[in-house]
Amino acid sequence: MNYEEFKSYVLGHIKDYLGEMDPEIDMKIEQTENKLFEEVDALVLSKPDREYSTVIYLDKAYVAYMSTGDMEPIMKDIAATVRKSEKQLNKMEAINLNSFEGIKERLSVQILNAERNQSQLQVITHRKIPETDLAVVYRIEVASNRDGFESVKVTNKMLDIWGIREEQLYQAALEQNMKKYPFIIADAGQFLFRAEPVPEQYPEEMKEKRFYYLTNSNIVNGAATILYPDILKTIGDKFQGNYFILPSSIHEVLLMKDDGEINVEELQSTVRSVNDESVPEGDILSDQVYAYDRENERFYQAEAREEIKESTDKEIFGFEDRGAADSVYASYADEVLDSDELDR
């Protein structure tokens with residue numbers, strides 16, 4: 001079959017693979033934008049009274065057909081995707097997505113890598129975390145049980161419907177996250193030996209040359225616990241100094257005190273190696289290592305540590321006196337943060 005015949009076949013035979021369906025569902029092939037904002041053909045299932053539709057892109061499905069010539073597995077795969085999407089949309093219908101008050105208690109936050117998710121960040125509500133390659137996004141919990149939960153990301157369109165600012169969304173989502181998923185921090189050995197740490201309790205002593213896990217009680221999207229108010233500062237107080245934050249995955253991070261002897265490049269090499277060999281693609285947070293400066297309460301990418309120190313003294317400000325450079329840098333940082341807030 002050529003591409004036009006392929007599309008006609010999918011539309012004409014998909015009902016044979018779906019079984020009983022809601023008679024109000026309309027199916028058609030139309031052009032729509034994919035996640036890369038490219039115009040592609042898709043199988044679209046919609047209902048008159050439903051705001052959201054099931055959209056199955058057909059370009060890759062046709063490539064798969066051309067390589068095998070067998071429509072059976074392709075039709076089964078399309079049908080399975082349709083059933084999964086329709087099931088989630090039915091759950092969403094029970095939630096008033098047009099009301100911010102109606103979904104507020106279902107909100108949560110998630111941290112993603114901004115560079116890896118550039119295309120989807122164009123349509124979902126987010127904020128960049130200054131001095132990092134990370135972004136905060138927001139999710140609405142659709143359904144949950146003891147094994148986990150289903151959720152959808154908050155889009156810019158939803159924010160417009162609710163008539164609120166991103167700052168309001170951030171505060172509400174973070175508040176719900178802290179309430180439902182308290183942080184857990186413990187020596188890495190406790191996790192390896194299945195010992196259960198107590199939520200919202202710091203170790204009595206955090207030692208050098210030891211790794212500590214930071215996640216949440218659900219261990220899902222637990223890296224977002226770095227957003228909890230004062231948590232990074234308190235960890236610095238426990239370490240009694242600066243420390244590194246290694247992105248184990250979107251679900252947790254590792255903490256290690258900066259003793260002044262650790263090689264940042266070696267840490268980054270370890271993170272990249274673990275990401276390549278052990279972390280599923282969708283769970284990778286970053287290849288970067290981050291640092292926390294206890295004195296200045298500053299979270300940033302560790303590789304910039306020496307560059308910033310040198311450029312602050314010489315290249316940017318041209319001061320030889322360290323104290324004078326520090327005071328000017330503080331003003332410069334305030335201006336950057338203020339402009340970043342306005343951009344959001």
Side-chain angles (χ1 to χ4, degrees), residues 1-95 97 106 110 112 116-124 137 139-158 220-221 249-251 279-284:
M1 290 183 288
N2 60 35
Y3 186 46
E4 293 302 318
E5 292 170 335
F6 172 81
K7 291 189 293 182
S8 297
Y9 185 93
V10 170
L11 185 61
H13 292 80
I14 189 61
K15 288 184 178 179
D16 299 336
Y17 291 84
L18 290 173
E20 290 188 16
M21 283 186 59
D22 186 334
E24 291 189 355
I25 289 181
D26 176 60
M27 292 192 295
K28 58 185 176 182
I29 303 287
E30 63 180 32
Q31 278 210 329
T32 185
E33 285 186 345
N34 63 14
K35 292 181 179 180
L36 298 176
F37 296 91
E38 301 166 335
E39 287 286 334
V40 296
D41 292 306
L43 173 67
V44 180
L45 289 79
S46 58
K47 288 175 63 176
D49 58 346
R50 190 169 71 188
E51 184 175 355
Y52 300 95
S53 303
T54 289
V55 178
I56 311 296
Y57 304 120
L58 297 180
D59 51 337
K60 291 183 179 179
Y62 183 65
V63 171
Y65 163 71
M66 290 297 290
S67 66
T68 65
D70 188 357
M71 284 297 294
E72 186 71 12
I74 292 170
M75 294 301 291
K76 287 182 177 179
D77 186 54
I78 291 174
T81 305
V82 167
R83 283 193 292 268
K84 181 179 179 180
S85 176
E86 286 293 310
K87 183 179 178 181
Q88 188 176 58
L89 287 177
N90 288 336
K91 292 175 182 176
M92 288 174 63
E93 283 189 295
I95 304 169
L97 291 175
R106 295 176 176 270
Q110 180 185 25
L112 298 176
R116 288 174 176 266
N117 296 276
Q118 285 183 19
S119 59
Q120 65 167 309
L121 289 182
Q122 295 183 53
V123 294
I124 64 176
V137 300
R139 306 191 75 102
I140 302 171
E141 207 169 280
V142 176
S144 63
N145 56 41
R146 64 183 181 181
D147 297 319
F149 59 87
E150 294 179 76
S151 64
V152 293
K153 295 186 182 77
V154 174
T155 65
N156 296 328
K157 181 179 178 181
M158 290 178 183
V220 175
N221 296 327
S249 75
I250 61 173
H251 303 301
V279 184
E281 179 67 26
D283 287 350
I284 293 175

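Note that the numbering runs from 1 along the sequence shown for the chain.
Using modelled atom types, one finds no donor on one side chain facing an acceptor on the other under 3.5 Å when comparing Asp41 with Tyr62.
Every residue meeting the salt bridge (charged side-chain N to carboxylate O under 4.0 Å, His left out) condition with Asp22, not counting sequence neighbours, appears here in chain and number order: Lys47. The side chain to side chain contact (heavy atoms under 4.5 Å, CB included) search around Arg106 returns Ile95, Ile140, Glu141, not counting sequence neighbours. In this structure, Glu24 has no side chain to side chain donor-acceptor pair (under 3.5 Å) partners at least two apart in sequence or on a different chain. The side chain to side chain contact (heavy atoms under 4.5 Å, CB included) search around Ser85 returns Thr54, Leu89, not counting sequence neighbours. Under the side chain to side chain donor-acceptor pair (under 3.5 Å) criterion, Asp77 pairs with no residue at all, not counting sequence neighbours.
Inter-residue side-chain proximity for Thr155 and Val123 is flagged as unmet; no heavy-atom pair is nearer than 4.5 Å. Val82 has its side chain out of reach of Met27: every pair of non-hydrogen atoms, C-beta onward, lies at least 4.5 Å apart. Considering only heavy atoms from C-beta on, Gln120 stays 4.5 Å or farther from Val137 through its side chain.
Here the CD1-CG distance, from Ile284 to Leu112, works out to 12.5 Å after rounding to the nearest 0.5 Å. Distance CG/Asn2 to CE/Met66: 9.0 Å, rounded to 0.5 Å. For the atom pair Leu43 CG and Thr81 OG1, the distance stands at 10.5 Å (nearest 0.5 Å).
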Do Val10 and Ile74 pass the side chain to side chain contact (heavy atoms under 4.5 Å, CB included) test, and can you show the C-alpha distance, the side-chain angles, and the key distance before you say yes or no? CA-CA 9 Å; Val10 170; Ile74 292 170; 5.8 Å; no
Test Glu72 against Tyr17 for side chain to side chain contact (heavy atoms under 4.5 Å, CB included), laying out the working first. CA-CA 10 Å; Glu72 186 71 12; Tyr17 291 84; 2.9 Å; yes
Under the side chain to side chain contact (heavy atoms under 4.5 Å, CB included) rule, what do Val44 and Ile29 come out as? Steps first, then yes or no, please. CA-CA 6 Å; Val44 180; Ile29 303 287; over 6 Å; no
Check step by step if side chain to side chain contact (heavy atoms under 4.5 Å, CB included) holds for His251 and Val220. CA-CA 5 Å; His251 303 301; Val220 175; 4.2 Å; yes
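Applying side chain to side chain contact (heavy atoms under 4.5 Å, CB included) to Tyr9 and the options His13, Glu5, Lys7 leaves one that passes, His13.
Around CE of Met1, the count of heavy atoms belonging to other residues, nucleotides or ligands within 6.0 Å exceeds 12.
The shortest heavy-atom contact between Thr32 and Tyr57 is CG2-CE2, 3.8 Å. Residues Ile78 and Ile14 come closest through the heavy atom pair CG2-CD1, 3.7 Å.
Among residue pairs with one or both ends in residues 81-90, those qualifying as salt bridge (charged side-chain N to carboxylate O under 4.0 Å, His left out) are Arg50-Glu86; sequence neighbours excluded.
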